[in-house]
Amino acid sequence: MYPKNLADIPKAYNPKDVEDKWYQYWYEHNLYHSEVDESKTPYTIVIPPPNITGILHIGHILNNTLQDIYIRYKRMKGFNACWVPGIDHASIATEAKVVAMLKARGINKDNTSRADFLKYCYEWKEKYGGIIFKQLRKLGVSCDWQRERFTMDIHYYRKVVEAFVKLYKEGYIYRGYRMVNWDPASRSAISDEEVFYKEVQGKLWYFKYTVKDSKEFVVVATTRPETMLGDTGIAVNPQDERYKHLIGKTIVLPIVGREIPLFADDYVDKEFGTGAVKVTPAHDVNDYEMGLRHNLEIVNIFNEDATTNGNVPAEFRNLDRYDVREKVVARLEELSLLLKVENYTNKVGYSQRGNVPIEPYLSEQWFMKMDELVKPALEVVLDGKVKFHPEHWTKTYEHWMTNIRDWCISRQLWWGHRIPVWYHKETHEIYCEVEPPNDIDNYYQDDDVLDTWASSWLWAQDVFTNEREQKYYYPTDLLVTAPDIIFFWVARMIIAGMHFMKEIPFKDVYFTSTVRDTQGRKMSKSLGNSPDPLDLIDEHGADALRFTMTYIAPLGQDVHFSNEMVEIGRNFANKMWNAGRFLLMNLASQQSGAKNIRLDPSLKDKHIDFTDRWILSRFNKTIKEFTEALDRFEVNAASKLVYSYVWNDFCDWFVELSKQRLYQGSEEERSAVLTRAILLFEEMLKLVHPFMPFISEEIWQLLDERKTGESISTSAFPEYDLRKIDEKAESEILFVQEVVTAIRNIRGEMNVAPSKAINVLLKTDQLTKEQTKYIKSLVRIDELKVDPNMNKPKASASAVVKGCDIFVPLEGLIDLNIERTRIEKEITRISGSLESVKKKLSNEGFVAKAPAEVIERERTKMNDWEKALEKLKVILADLT
RNA sequence: GGGAGCUUAGCUCAGCUGGUUCAGAGCAUCUGCCUUACAAGCAGAGGGUCAUUGGUUCGAAUCCAUUAGCUCCCACCA
């Protein structure tokens with residue numbers, strides 16, 4: 001299916017040629033579809049459905065990459081992996097976008113029918129939902145696209161409504177006239193969680209309110225002068241001597257002329273402001289509560305859009321809240337009632353969606369009683385049935401859950417799940433059922449829709465559309481999400497799961513890093529610091545982006561991202577690509593014809609030496625550490641492990657070591673070495689695959705003839721075998737590496753041209769012939785002599801490795817000064833280390849209390865260094 | 001006001017339950033190389049009293065406490 005002509009394999013990896021091709025292939029062969037299969041254990045993830053308000057950003061990339069890593073990993077591990085993709089209707093956010101879009105087209109929502117408006121919303125959903133799914137495919141996610149879900153699908157919609165009806169009948173949902181957070185922009189109530197607080201540079205105004213029938217006045221301080229039009233009382237602390245005599249007196253409210261009481265309430269802080277508080281029960285939560293305690297009149301002065309209504313004097317009506325503010329202040333100044341103005345920073349609640357200050361506002365809304373519902377959901381997290389990663393989020397969760405207040409779930413919007421409540425036109429009796437009443441003509445339906453989160457809280461359970469599926473896939477295994485929706489979504493899904501399913505919705509929750517720019521700022525459109533993931537993919541490939549994200553994003557910490565960082569992944573992809581090319585080129589040179597097949601698997605276990613045992617040992621260790629890291633949700637650690645194995649162990653050393661036998665071995669030996677290298681490389685690609693699905697598939701397919709529909713993504717993940725771990729081979733290689741590095745060091749420091757071959761003398765009795773052979777091949781040596789009894793030749797550069805003295809004769813080339821400096825530096829280094837070991841060993845406490853093996857290790861170190869030091873001193877003396 | 005997290009090389013960060021030359025990686029810098037997989041590369045090199053102070057311990061980047069700085073979350077102070 002793929003032209004396997006080696007001449008076509010470019011030197012530099014080009015993801016553009018590769019990525020779309022394989023995504024198409026996976027899709028066509030339906031490799032990621034999951035069905036109920038009782039013979040296999042499911043591994044299930046439901047995607048945090050992106051809002052259809054826009055396109056995906058870099059945070060989504062991280063989030064979805066992580067999910068894909070786990071899904072691919074578990075799929076290869078033999079689980080029935082099922083990843084359900086979907087999107088969220090995002091009630092208030094989308095409605096705001098659609099209203100704005102219509103406005104741009106010259107259409108006013110107020111002149112549009114509900115049905116027409118919903119049509120526009122669905123158009124929007126089709127467009128942006130499509131973009132989102134396209135982006136996800138570009139990223140390479142292995143979702144089950146046959147399971148695409150939307151929070152307003154017919155089935156899902158019904159489930160949301162059923163949940164409402166059930167909770168209503170159980171008494172958890174009630175309707176009430178309460179003070180809520182009002183968003184004047186969308187003209188809807190919002191929940192406490194949708195309010196965020198901003199520090200605002202404001203002012204504190206001091207007003208004089210006169211006491212009725214008296215010359216006395218009371219001074220109040222306020223940050224919101226306009227609300228004075230709705231004042232219905234003045235509060236002071238009962239202990240406050242300044243005001244004790246005034247308690248019970250009547251105050252005349254300026255401008256309005258209303259007579260209001262002055263009363264005492266413990267809420268008032270004597271120290272703040274003047275110690276006297278103007279009380280506006282309709283427009284402040286605390287004032288409202290004081291109002292209830294003291295039976296104050298409640299005067300609502302605002303319309304739904306936060307303009308003033310008929311409850312204020314005529315000249316102040318129908319004005320925006322900030323215009324009224326100026327007007328009120330101006331009038332009070334005219335009346336000489338404005339005492340002073342101070343600068344004051346305070347925190348103002350803003351609507352998360354509308355980004356305008358919210359208004360505490362009295363209105364009739366639907367609420368969910370939370371205190372009882374929360375209990376089982378808190379329990380399962382505290383006792384570890386649902387595990388958070390990192391674990392410390394449980395504290396945040398516990399705090400929120402134990403201080404939870406009732407949830408305002410109704411929204412004065414059209415886009416969303418309409419509340420399944422009908423009121424009788426005459427009796428006003430409430431009818432709450434999934435289906436409308438039979439005598440529908442006698443009823444009218446509640447206009448409001450549900451909070452988005454009162455639909456997505458069922459996501460983990462109701463993306464499965466029949467009982468059999470639900471039973472098989474639920475509880476899901478892993479939820480990967482940003483920590484900023486821990487209350488909105490994670491907590492509520494657990495609540496819903498425990499209430500409706502009597503079972504947790506997921507076993508593990510992975511909280512991702514928040515992606516910031518290099519200055520630590522959150523990525524945002526308004527700052528313009530948010531890169532478009534598609535641009536990055538276009539430039540470097542999805543694999544590069546995916547790998548980079550996991551490489552730089554530690555568990556539970558913010559990550560600082562910049563576009564250049566994607567080069568980490570790009571370079572890594574290129575490295576693997578070229579390692580693959582190296583193998584393929586050798587393959588081609590050893591066989592006739594265009595077919596690339598593994599040479600001869602029967603030679604797999606022939607011509608094995610310590611380099612083979614070493615790489616196998618390293619590989620098995622890597623698999624072990626890699627899988628353990630993933631199982632602990634340390635994706636970042638896993639990506640570093642695979643990176644270092646591929647680059648350092650496999651490419652830097654194993655490939656270089658192999659060249660000796662590939663170029664100089666017998667025919668059979670060459671085949672054996674190459675066969676093994678390819679088999680090992682294939683296994684390595686499987687480790688990489690969850691992180692970089694495209695390039696691993698591409699190379700894997702190039703390495704051998706594959707059947708139609710065969711894919712690395714459905715191959716078996718490597719299992720480690722502890723018997724393959726070979727400490728002896730590892731130390732043998734380490735010895736080779738140390739000697740080689742020492743020789744290269746001499747070359748570099750002594751400025752020996754790389755083209756110039758040198759002679760090297762090794763004074764040791766510990767090198768095997770094999771090791772010698774490899775050393776020779778790795779450092780471009782003309783002649784290599786090994787003799788345990790040799791004397792140091794004149795004019796040579798030297799180095800001392802444990803158990804081996806190295807001499808490089810450089811007659812005529814050597815600069816004694818450079819060499820002396822080199823040796824002196826080495827002496828200083830070793831002396832320092834020796835000093836600290838000696839100190840340790842002369843410490844009685846250490847010798848008495850440390851474990852025997854630790855002491856033994858220190859003794860060995862001391863001996864080695866003492867010997868090395870002695871030798872170096874002799875060498876140095878020889879140089880002077 | 002309460003809570004969580006962070007502070008290690010010029011930059012971005014690894015270093016798990018204290019002990020393997022543990023003080024590391026990548027980028028950046030310097031030196032030398034287009035060596036028949038890879039210059040998106042190879043081989044070397046320089047660079048850090050692990051934020052502060054104290055404690056526990058034979059032994060601390062690692063555990064405890066303290067101080068300072070930064071970040072985030074929660075909370076009704078007009």
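Below, chains carry the letters A, B, ... as their sequence lines are ordered, and counting in each starts from 1.
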In terms of relative ring orientation, are [X] and [Y] parallel, tilted or perpendicular, with 30° and 60° separating the classes?
X	Y	answer
Tyr209(A)	Phe207(A)	parallel
Phe487(A)	Trp400(A)	parallel
Phe388(A)	Phe511(A)	perpendicular

How would you label the contact of [X] with the nucleic acid (heavy atoms, under 4.0 Å): base, sugar-phosphate, or nothing?
X	value
Ala579(A)	base
Phe572(A)	nothing
Val277(A)	base
Asn745(A)	sugar-phosphate
Lys825(A)	sugar-phosphate
Glu398(A)	nothing
Val655(A)	base
Asn574(A)	base
Val220(A)	nothing
Trp400(A)	nothing
Thr741(A)	sugar-phosphate

Looking at [options], which one has an atom nearest to any side-chain atom of [X]?
X	options	result
Trp647(A)	rC42(B), rC73(B), rA78(B)	rC42(B)
Arg581(A)	rU21(B), rC38(B), rC77(B)	rC38(B)
Arg405(A)	rC77(B), rG5(B), rC76(B)	rC76(B)
His560(A)	rC76(B), rC13(B), rA78(B)	rC13(B)
Thr396(A)	rC42(B), rC73(B), rC38(B)	rC73(B)
Arg744(A)	rA4(B), rA43(B), rC73(B)	rA43(B)
Glu749(A)	rA78(B), rU35(B), rA45(B)	rA45(B)
Tyr267(A)	rC73(B), rC77(B), rA40(B)	rC77(B)

Base, backbone or nothing for each nucleotide of nucleotides 24-31 of chain B, written B, S, -, heavy atoms under 4.0 angstrom, 5' to 3'?
-> -S------

Just by protein heavy atoms under 4.0 Å, how would nucleotides 14-19 of chain B read 5' to 3' in B, S and -?
-> S----B

Is the charged tip of Lys347(A) near the ring of Tyr197(A): under 6.0 Å from the six-membered ring centre and within 45° of its axis?
-> no

Quiz item: Lys11(A) side-chain donor-acceptor pair to rC38(B) base, under 3.5 Å = no

Rounded to whole Å, please give me the gap between [atom1] in [X] and [atom2] in [N].
X	N	atom1	atom2	value
Asp558(A)	rC73(B)	CG	P	10 Å
Trp393(A)	rG5(B)	CH2	P	10 Å
Glu199(A)	rC77(B)	CD	P	12 Å
Asp269(A)	rC77(B)	CG	P	12 Å
Arg516(A)	rC13(B)	CZ	P	11 Å
Glu391(A)	rG3(B)	CD	C1'	15 Å

With a 4.0 Å limit, can you tell me whether [X] has a side-chain N or O closer than that to the phosphate oxygens OP1/OP2 of [N]?
X	N	result
Trp577(A)	rG41(B)	no
Lys395(A)	rG5(B)	no
Lys347(A)	rC77(B)	no
Tyr397(A)	rG3(B)	no
Tyr344(A)	rA78(B)	yes

Between rU36(B) and rA43(B), how far is it from one P atom to the other, in whole Å?
-> 15 Å

Donor-acceptor contact present, side-chain Asn578(A) to main-chain Asn574(A), <3.5 Å = yes

Compute the ring centroids of Phe681(A) and Phe650(A), then answer whether they are less than 6.0 Å apart.
-> yes

Under 3.5 Å for both distances, Watson-Crick or G-U wobble, that's the pair rule; now give the dot-bracket for RNA chain B, with | marking pairs to another strand and [ ] for crossing ones.
-> (((((((..((((.....[....)))).(((((.......))))).....(.(((..]....))).))))))))....

Does a sphere of radius 6.0 Å around NZ in Lys802(A) hold more than 12 heavy atoms from other residues, nucleotides or ligands, not counting ones at 6.0 Å or beyond?
-> no

Just by distance, with hydrogens left out, do Arg178(A) and Tyr361(A) show a side-chain donor and acceptor under 3.5 Å apart?
-> no

